[in-house]
Number of protein chains: 4
Amino acid sequence: MVALRKQVYQQLFARADATHGLTLFNKAIIIVILAAVGVTIIATEPAMFQPHREFFIGLEMLFGVIFGVEYLGRVWSIVEEADGQPAWKVRLHFVFTPLALIDLVVVVASLMPFFFSDVALLRVVRLIRLAALAKFGRFSTALRELVRALLARRYELLVTMALAACLLLFGASSLYWAERHVQPEAFGSIPRALWWAIITLTTVGYGDVSPITPLGKLLASVVALGGIGLVAMPTGIMASAFSDAMQRQRDAANKDGPDA
Amino acid sequence: MVALRKQVYQQLFARADATHGLTLFNKAIIIVILAAVGVTIIATEPAMFQPHREFFIGLEMLFGVIFGVEYLGRVWSIVEEADGQPAWKVRLHFVFTPLALIDLVVVVASLMPFFFSDVALLRVVRLIRLAALAKFGRFSTALRELVRALLARRYELLVTMALAACLLLFGASSLYWAERHVQPEAFGSIPRALWWAIITLTTVGYGDVSPITPLGKLLASVVALGGIGLVAMPTGIMASAFSDAMQRQRDAANKDGPDA
Amino acid sequence: MVALRKQVYQQLFARADATHGLTLFNKAIIIVILAAVGVTIIATEPAMFQPHREFFIGLEMLFGVIFGVEYLGRVWSIVEEADGQPAWKVRLHFVFTPLALIDLVVVVASLMPFFFSDVALLRVVRLIRLAALAKFGRFSTALRELVRALLARRYELLVTMALAACLLLFGASSLYWAERHVQPEAFGSIPRALWWAIITLTTVGYGDVSPITPLGKLLASVVALGGIGLVAMPTGIMASAFSDAMQRQRDAANKDGPDA
Amino acid sequence: MVALRKQVYQQLFARADATHGLTLFNKAIIIVILAAVGVTIIATEPAMFQPHREFFIGLEMLFGVIFGVEYLGRVWSIVEEADGQPAWKVRLHFVFTPLALIDLVVVVASLMPFFFSDVALLRVVRLIRLAALAKFGRFSTALRELVRALLARRYELLVTMALAACLLLFGASSLYWAERHVQPEAFGSIPRALWWAIITLTTVGYGDVSPITPLGKLLASVVALGGIGLVAMPTGIMASAFSDAMQRQRDAANKDGPDA
């Protein structure tokens with residue numbers, strides 16, 4: 001019994017045995033999570049859900065049972081981490097960790113359809129399960145490196161974000177000033193004009209809002225020509241931090257040997 | 001009295017004591033400026049302003065009083081900078097510096113609502129107060145480094161801006177030539193076609209103006225495929241100058257020790 | 001006869017003689033392929049095809065004959081590769097290779113117009129002939145280097161693609177939550193909202209779908225400001241891998257001498 | 001007379017004396033060219049031209065006279081370049097150089113309004129005068145370096161352009177296949193679908209054409225996610241070549257001393 005519990009623990013808590021790569025069980029649970037997320041996404045589409053109502057509810061139940069068993073397995077085997085503490089205390093502590101609470105919500109949400117007719121939103125909560133994948137193997141070290149690289153550049157990020165914010169505010173104020181009487185719906189206040197400024201300076205440019213007066217077009221041209229690239233700077237810094245972190249990790253892996 | 005004035009001076013003129021980081025008072029005034037700017041932005045939205053008219057006017061008054069006290073404190077304590085000059089001369093000189101004049105306008109604008117009913121635009125002037133934040137601590141050195149890095153590359157900036165301008169002009173002239181009879185409103189003159197060229201080559205692409213003839217689409221395709229990236233080059237050079245400046249400053253900070 | 005077959009073989013199978021650059025025959029077949037692809041593209045346009053029906057069908061036939069002769073020449077001369085195997089076995093093996101099957105389909109499709117009236121789609125198959133160009137000279141080594149560079153970074157690509165997928169999913173879920181009752185056609189399910197998320201985060205921004213509620217605009221602003229650059233990271237890594245591969249190849253070429 | 005001709009020659013042919021920077025006359029002619037181009041641009045706008053008809057025609061005449069005098073001055077002083085050849089031969093040769101022909105067209109176009117009522121297009125020819133600015137001082141060396149850097153990377157440019165062309169063609173064919181019956185106007189042929197592909201993959205995204213079927217949206221998503229960045233690669237390579245050329249020139253200038 002205790003030997004079984006130890007094995008269950010090693011399988012369910014991936015970080016307990018990270019150096020040996022993903023176990024067969026790890027891979028199975030990753031596939032189940034991806035499948036559950038995929039089903040949840042597709043089930044939000046009425047054209048898919050309505051004709052196959054029973055099928056989707058059945059899948060929901062199945063995933064609910066799988067996640068329920070996994071949840072109970074975790075609660076049962078967490079005792080392996082106890083350093084002389086009583087089992088109920090370790091379990092109670094585990095049940096109230098954020099990830100375990102999310103798991104519980106997901107399980108309950110999946111088994112819900114009996115009681116409620118529209119729990120679509122609750123089911124979407126399961127997307128958070130994706131975050132659980134971050135714990136597995138290499139992803140976990142990659143994310144830790146990324147956070148470290150971002151922290152090292154927090155000052156650049158702050159300065160560029162402040163510059164981008166000023167630019168957005170300046171653009172929004174200019175267009176508010178130029179077009180607030182002509183297009184009160186779109187530029188009637190600075191918060192409204194900020195929507196235009198953000199969609200323009202990220203170069204998305206839906207076209208739902210755009211200046212129509214010559215003065216507004218002139219100001220928008222100046223803002224667009226001057227501001228593009230500056231708004232993208234914080235994400236540029238993040239991307240470069242990420243790429244540095246990847247490089248560092250690869251170098252470290254090469255140093256440790258081909259198995260890393 | 002003189003000791004108090006010296007302390008007020010040190011608190012209000014941040015650059016007087018930059019090496020010790022932000023004082024408690026510095027942080028307080030930054031928060032007040034950000035709050036005042038935030039309130040000003042939100043107050044331009046009629047859906048927010050109309051139902052809470054008294055509340056927003058009250059806040060305006062409050063910020064007006066705070067900035068007024070700060071302004072008077074500056075005028076009073078500036079005498080500390082006098083090197084034997086009479087106090088009234090130092091104060092008069094300070095009152096007519098651009099930043100002090102802006103402060104005065106902001107204070108007066110905040111206390112206005114009694115006299116005028118629509119001073120929305122005047123209140124927006126306060127956004128300029130954001131510039132005052134640039135004086136604080138690290139931002140000030142960051143901006144100085146940035147200006148230096150831009151000046152070092154002024155020649156690249158000039159050449160790329162000239163190339164981008166030629167490209168914009170070439171694109172606008174092409175579409176003016178191809179579509180001026182079909183869409184006179186959008187392409188009836190080169191200045192009008194320039195609006196199209198700027199929105200296209202910055203890849204914003206609102207879609208309020210786009211070619212409809214096969215020839216126009218062909219020319220627009222050539223301009224779009226050839227020109228994208230070139231128009232973004234000046235801002236790219238600016239971004240790289242900025243990132244160099246940041247790097248240089250970080251290196252300098254590391255050399256000076258961990259407190260920098 | 002055997003000497004002729006050897007020469008035909010050397011001309012038709014470019015890789016057999018790559019070090020001496022493109023032969024005259026290679027250049028001719030490249031031009032014919034480009035011309036055939038160009039004619040195929042233009043012939044899909046009814047405004048071009050209908051008035052010049054006979055002309056286009058004639059061109060089709062001509063290209064069909066050229067590709068047919070080339071195909072037969074390949075089947076005939078492939079025997080040169082036989083290492084003692086019987087000729088019919090080598091030819092049969094060649095006929096069932098993917099590229100030869102595509103060639104056969106292209107030849108048949110070009111000679112079709114007699115039998116079918118609308119084989120537009122089948123003719124488009126010929127675009128795949130473009131892939132055949134990849135075998136020629138330098139392109140072949142460039143593509144091999146590119147694939148190697150991409151494989152070396154497969155881990156970065158996987159992590160950034162996973163991050164981009166999470167971001168797209170997060171953005172789609174947010175807007176699904178915020179606007180599903182207001183715009184059921186555009187945001188009524190997560191798959192529908194994903195279309196918005198992809199078009200927004202690639203900064204294409206058609207404007208066929210965009211948030212209209214204040215909450216939706218706020219969420220879209222956060223997603224747009226935070227996510228731009230992250231979605232472009234996988235292609236950024238690919239571009240940098242490509243540029244590295246080019247550099248490596250150029251260095252190797254310079255080492256081998258000016259004829260490489 | 002000969003001494004005057006020599007001085008006129010030195011002033012009008014900037015390249016004759018590039019090392020001493022721009023002369024006062026050079027600066028004057030640059031300003032006149034920019035002014036003439038500006039006036040030409042503004043004069044295409046009917047709302048500006050109609051009410052000030054006489055004023056614009058007068059300016060045209062003035063610029064025509066200035067450029068005419070400059071043209072005659074060039075023809076007169078070009079004799080300085082004669083190495084024993086007869087003057088009329090040198091002048092005739094100069095008159096038929098492309099730049100001199102453009103100058104003649106520009107002069108004639110500016111003096112036209114007497115004879116024709118609508119020579120707007122002819123006047124636009126003057127924009128080509130901007131190219132003349134490329135001869136002056138530093139711009140000339142910058143452009144020479146740029147051309148050299150682009151030639152050094154012509155192979156990368158060719159490969160990336162071929163890849164981008166394949167991608168555009170693949171995207172256009174996919175959408176042509178998916179939506180040609182639903183939106184024949186926009187996707188009824190591959191050339192039409194290419195307009196969509198170019199506007200999408202450059203991320204301009206006007207929104208005048210976008211897929212409406214689920215299949216079309218799926219294919220467009222794949223093309224957009226996969227292709228962005230690849231289409232921008234040729235311009236990216238050009239931008240990096242340009243920045244290298246600038247760097248090289250700056251290094252050379254620093255070596256030559258502070259006056260370069």
Side-chain angles (χ1 to χ4, degrees), chain A residues 34 37-38 40-49 120-121 124-125 127-128 130-131 133-134 138-139 142-143 145-146 161 164-165 168 191-192 194-210 231-240 242-243 245-247 249-250 253, chain C residues 152-153 155-160 162-163 165-170 172-174 176-177 180 184-185 187-194 196 199-214 216-218 220-234 236-237 240:
Chain A
L34 288 177
V37 166
T40 306
I41 289 172
I42 293 167
T44 62
E45 171 61 56
M48 296 295 288
F49 185 69
L121 262 188
V124 173
V125 168
L127 296 184
I128 301 169
L130 276 176
L133 295 179
R138 281 189 154 182
F139 272 93
L143 286 173
E145 280 289 344
L146 179 55
M161 279 174 178
L168 287 171
R192 287 168 194 226
L194 264 174
W195 169 248
W196 167 84
I198 290 169
I199 293 309
T200 297
L201 286 173
T202 55
T203 78
V204 171
Y206 291 130
D208 57 341
V209 188
S210 65
V231 166
M233 273 178 72
T235 50
I237 289 174
M238 271 188 265
S240 125
F242 179 77
S243 130
M246 287 285 107
Q247 188 59 44
Q249 207 195 342
R250 194 158 42 171
Chain C
R153 301 187 187 207
Y155 173 47
E156 271 107 314
L157 277 176
L158 192 70
V159 173
T160 50
L163 279 180
C166 285
L167 192 68
L168 286 171
L169 209 50
F170 171 75
S173 305
S174 309
Y176 163 68
W177 173 67
R180 73 188 185 286
E185 193 58 41
F187 295 105
S189 71
I190 294 184
R192 286 168 195 228
L194 264 174
W196 167 83
I199 293 309
T200 297
L201 285 173
T202 55
T203 78
V204 172
Y206 291 131
D208 57 340
V209 188
S210 65
I212 51 176
T213 62
K217 288 182 177 179
L218 184 67
S221 299
V222 171
V223 168
L225 286 173
I228 278 152
L230 290 183
V231 166
M233 272 178 75
I237 288 173
S240 124

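Values reported hereafter were calculated over all heavy atoms of this structure, with side chains retained and with hydrogens, waters and symmetry mates removed.
Pairing each heavy atom of C:P191 with each of A:T44, the nearest pair is CD-OG1, 3.4 Å.
With rounding to the nearest 0.5 Å, the separation of NZ in C:K217 from CD1 in A:I198 is 11.0 Å.
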Side-chain polar contacts of residues 207-214 of chain C - donor-acceptor pairs under 3.5 angstrom, sequence neighbours left out - could you list them?
| unit_1 | atom_1 | unit_2 | atom_2 | d |
| --- | --- | --- | --- | --- |
| C:D208 | OD2 | C:W195 | NE1 | 3.2 |
| C:T213 | OG1 | C:E179 | OE2 | 2.5 |
| C:T213 | OG1 | C:G216 | N | 3.0 |

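Note: A:V204 leads A:I42, A:T202, A:V204 in heavy-atom pairs under 4.5 Å with chain C.
Only the side chain of A:L168 comes within contact range of chain C, judged by heavy atoms closer than 4.5 Å.
In terms of the side chain to side chain donor-acceptor pair (under 3.5 Å) criterion, residue partners of C:S189 (sequence neighbours excluded) are, by chain and number, A:E45.
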